[in-house]
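I have placed the structure first, in the form of structure tokens, so that the comments after it can refer back to it.
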Amino acid sequence: MNGTNIQHPKVVVIGAGSLFFGRQSIWQMVHSPYLNQGTLALVDTDKERLSKMVALAEMVARENNVSLKIEGSVDRRQVLPGADFVVLSFAEQSVKYRGIDCQVSLKYGIRMCSGDTIGPGGIFRAMRELPVIMECARDIEELCPDAWVINYINPSTVHGIALHRYAPKLKSFALCDSHHMPHKKAYYAVRAGIIEKTDEFTREIDRKFDFRIAGVNHFTWLLKAEFEGENVMPLIAEAMRKMAGDENNGGDRGAKAIFNDAITYELYDIFGIIPTCTAHTKEYVRYWQGLGKTTDTIPPLSIWETEDRYQRHDEMWSQVDDFLTGTIPIADYMSTFGPDHATDIIENMVGNLGKKFFINTLNQGAVTNMNADSFLEVLCDVGMDGVKPVHVGEMPRGVRGMQELVLDTHELTVEAVLEQSYEKLRRAMLTDPLVNSISDADKIIHELLELERDMIPDVWYKDRLQ
């Protein structure tokens, strides 16, 4: 089906109260001429938050004189019929439980700065979220089987694999906001000295800049960077090295942000390629776990900050309240926010615009020395007729081996959760690159099952926690 056939697209957002996506989805649905004649259906299990987001969306649409229809429901089944796109963006009590994951892991010597995709945190986030995702998939299969399903919930790879394998009739892919195009390419063009600032990035620069990124989500690497045939990877790396010198002079001091430029250069120095999602990649490798016998120049990872995250959520809702009460003029909404990766892709698909985006999907030969069914984040042509990865080339040795280990961990996690297999849960934990002890792994599993009982299906507790 050609995207131009959809005159009034319906986009359902499950998890409308998400700090990450809800407000941005309103912006794009109002802004885009390809989307603002359609329907935005917001779903959230929290009635109060849902009502705020629905009211906010209605106010923004009215202020901007678009005919976008707004729907809201605490029951996704009420709004799924007729959907063209369903975006999964929920994470119930994620701050609380990620905090538990990180603190229990730290007790056993595992340091996580994010804890939502790798390590015990990634495995147990899937234990909490994936069963609900598959319930959503069943409803979509019944009520809107032709809709595109876009997973925006971490661990993105785990959930993307699960949808492909266990809901194969659905059209689905997974996303991460870290490689939003063309912004990501413009960022590296600045670092390479091709342009001075990102708003100078043009189609001509885009055409001349051969830029290739691939890898498992959050463990992606810049494999090639050539401008007019010249290798500019060393220039980008040198820019990161210089930025590392200023890293402690202000800016974001959160666990995910600290020392990222220095770590980026260190990994380039080892492997000859540049990590493109260092805030997470530093958690995927063992070097900053603090387990060495000698001291490195870069200290061990800081631990994900639960209380600071609660504060960020409170600030988001205060901002929403300010828009609703007029403390912040609703006219300022469109200049406060901007385009989002998922809604940019939806616009591209509906409008048949022919843009390329980074998608988490089956490799299908893009990375030539990894399996066709490896679930990777790669640049793709994206249309209503499907997602088609663009050729990348080979993944270098060393990094490729680590990619395969991460993929095995993710694949085993999918199987453990959906087969409800304690044996595979244990196997996934002991395959994970951050776990160093059989006894520790068993204790982590036991403690997290106990502490997260409210969020994990009851089947896991039959005769297991005696």
Please determine if [X] and [Y] form a salt bridge, counting it only when a charged side-chain N lies under 4.0 Å from a carboxylate O.
X	Y	answer
Arg49	Asp44	no
Asp210	Lys224	yes
Arg400	Glu404	no
Glu238	Arg241	yes
Lys388	Asp381	no

Between [X] and [Y], is any side-chain donor less than 3.5 angstrom from a side-chain acceptor?
X	Y	result
Ser437	Ser439	no
Tyr152	Asp340	yes
Glu347	Ser32	yes
Tyr284	Thr117	yes
Glu307	Gln311	no
Gln319	Arg23	yes
Tyr97	Glu92	no
Thr278	Thr264	yes
Thr157	His410	no
Asn154	Ser156	no
Thr276	His179	yes

Item to check | From CA spacing to verdict: side-chain contact (heavy atoms from CB on, under 4.5 Å), Leu50, Val74 | outcome: CA-CA 7 Å; Leu50 175 68; Val74 294; 3.8 Å; yes
Item to check | Interatomic distance, Gln420 atom CD to Ile456 atom CD1 [nearest 0.5 angstrom] | outcome: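 Rounded to the nearest 0.5 Å, the CD-CD1 separation comes out at 11.5 Å.
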Item to check | Point-to-point distance, once rounded to the nearest 0.5 Å, from NE2 of His159 to CG of Asn217 | outcome: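 Reported value, rounded in 0.5 Å steps: 11.5 Å.
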Crowded around [X] [atom1]? As in, over 12 foreign heavy atoms under 6.0 Å?
X	atom1	result
Glu204	CD	yes
Leu291	CG	yes
Arg165	CZ	yes

Less than 4.5 Å apart, any side-chain heavy atom of [X] and any of [Y]?
X	Y	value
Val149	Phe85	no
Lys96	Thr306	no
Ile330	Leu56	yes
Asp101	Arg128	yes
Gln24	Pro339	no
Met402	Pro433	no

Checklist entry - With sequence neighbours left out, what residues match Asp296 under salt bridge (charged side-chain N to carboxylate O under 4.0 Å, His left out)? => result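 With sequence neighbours excluded, Asp296 shows a salt bridge (charged side-chain N to carboxylate O under 4.0 Å, His left out) to no residue whatsoever.
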Over 60° means perpendicular and under 30° means parallel, so classify the ring planes of [Y] and [X], tilted if in between.
X	Y	answer
Phe211	Phe358	perpendicular
His341	Phe357	tilted
Phe323	Phe337	tilted

Item to check | Check: Trp288 ring centre within less than 6.0 Å of Phe259 ring centre | outcome: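 Here the rings of Phe259 and Trp288 have centres that are no less than 6.0 Å from each other.
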Item to check | Validation row, ring centre His164 to ring centre Phe375 under 6.0 Å | outcome: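 Here the rings of Phe375 and His164 have centres that are less than 6.0 Å from each other.
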Item to check | Partner residues of Phe201 under the ring pair (Phe, Tyr, Trp, His ring centres under 6.0 Å) criterion, sequence neighbours left out | outcome: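 Residues passing ring pair (Phe, Tyr, Trp, His ring centres under 6.0 Å) with Phe201: none at all.
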Next on the checklist: Before you tell me yes or no, could you show the steps for Glu48 and Lys52 under salt bridge (Lys or Arg N to Asp or Glu O under 4.0 Å), namely the whole-Å CA-CA distance, both residues' side-chain angles and the distance that decides it to 0.1 Å?
Outcome noted: CA-CA 6 Å; Glu48 181 182 358; Lys52 288 182 178 182; 3.8 Å; yes
Checklist entry - Is Thr281 reaching over with its side chain to a backbone N or O of His218, donor-acceptor style, under 3.5 angstrom? => result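 A pair under 3.5 Å: yes.
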Checklist entry - Would you say the side-chain atoms of Ser374 pair up with the backbone N or O of Leu376, donor to acceptor, closer than 3.5 Å? => result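 No; zero donor-acceptor contacts below 3.5 Å.
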Item to check | Audit row: Leu222, Ile273, side-chain contact (heavy atoms from CB on, under 4.5 Å) steps and yes/no | outcome: CA-CA 6 Å; Leu222 181 59; Ile273 53 177; 5.9 Å; no
Next on the checklist: Let's go through Met181 and Lys355 carefully: what are the C-alpha distance in whole Å and the side-chain angles of both, what is the deciding distance for side-chain contact (heavy atoms from CB on, under 4.5 Å) to 0.1 Å, and is it a yes or a no?
Outcome noted: CA-CA 9 Å; Met181 289 287 276; Lys355 298 177 182 178; over 6 Å; no
